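Treat the numbers as computed from the prediction; the structure is a model and nothing was measured.
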Amino acid sequence: MAVGRRAKTGERCPESGVWKVVGTPSTTAPIAVNNVMPPYNGQAVTWELIRLA
């Protein structure tokens, strides 16, 4: 997999690493492969992989 890959809240994480919320406000979170991508601020969001684990 590559940095820049995206996944949405509720999907299974495709790659372990540090993920960042696309848009504002944003945050980063370490998420492991096969975990469910979380919401942020109570909203469904798109996450982008910024660093591989």
Subject >> Test item: Thr46 side-chain N/O and Lys8 main-chain N/O as donor-acceptor pair under 3.5 Å >> reply: no

Calculate, to the nearest 0.5 Å, the distance between atoms [atom1] and [atom2] belonging to [X] and [Y] respectively.
X     : Y     : atom1 : atom2 : answer
Thr28 : Tyr40 : OG1   : OH    : 9.5 Å
Ser16 : Asn35 : OG    : CG    : 7.5 Å
Glu15 : Arg5  : CD    : CZ    : 8.0 Å

Original post:
Does some side-chain heavy atom of Ile31 sit less than 4.5 Å from a side-chain heavy atom of Pro38?
Top reply: yes

Original post:
Are the side chains of Pro39 and Val45 in touch, meaning some heavy atoms are under 4.5 Å apart?
Top reply: no

Looking only at non-hydrogen atoms, find the nearest pair between [X] and [Y] and report the distance.
X     : Y     : value
Ile50 : Val3  : O-CG1, 3.7 Å
Asn34 : Arg12 : O-NH1, 2.8 Å
Ala7  : Trp19 : N-CZ3, 3.9 Å

Original post:
If two hydrophobic side chains count as joined below 4.5 Å and joins carry through other members, does Val22 share a cluster with Val36?
Top reply: no

Original post:
Between Arg6 and Glu48, does at least one N-O distance fall below 4.0 Å, as a salt bridge requires?
Top reply: yes

Subject >> By salt bridge (Lys or Arg N to Asp or Glu O under 4.0 Å) - contacts of Arg51 (at least two apart) >> reply: none

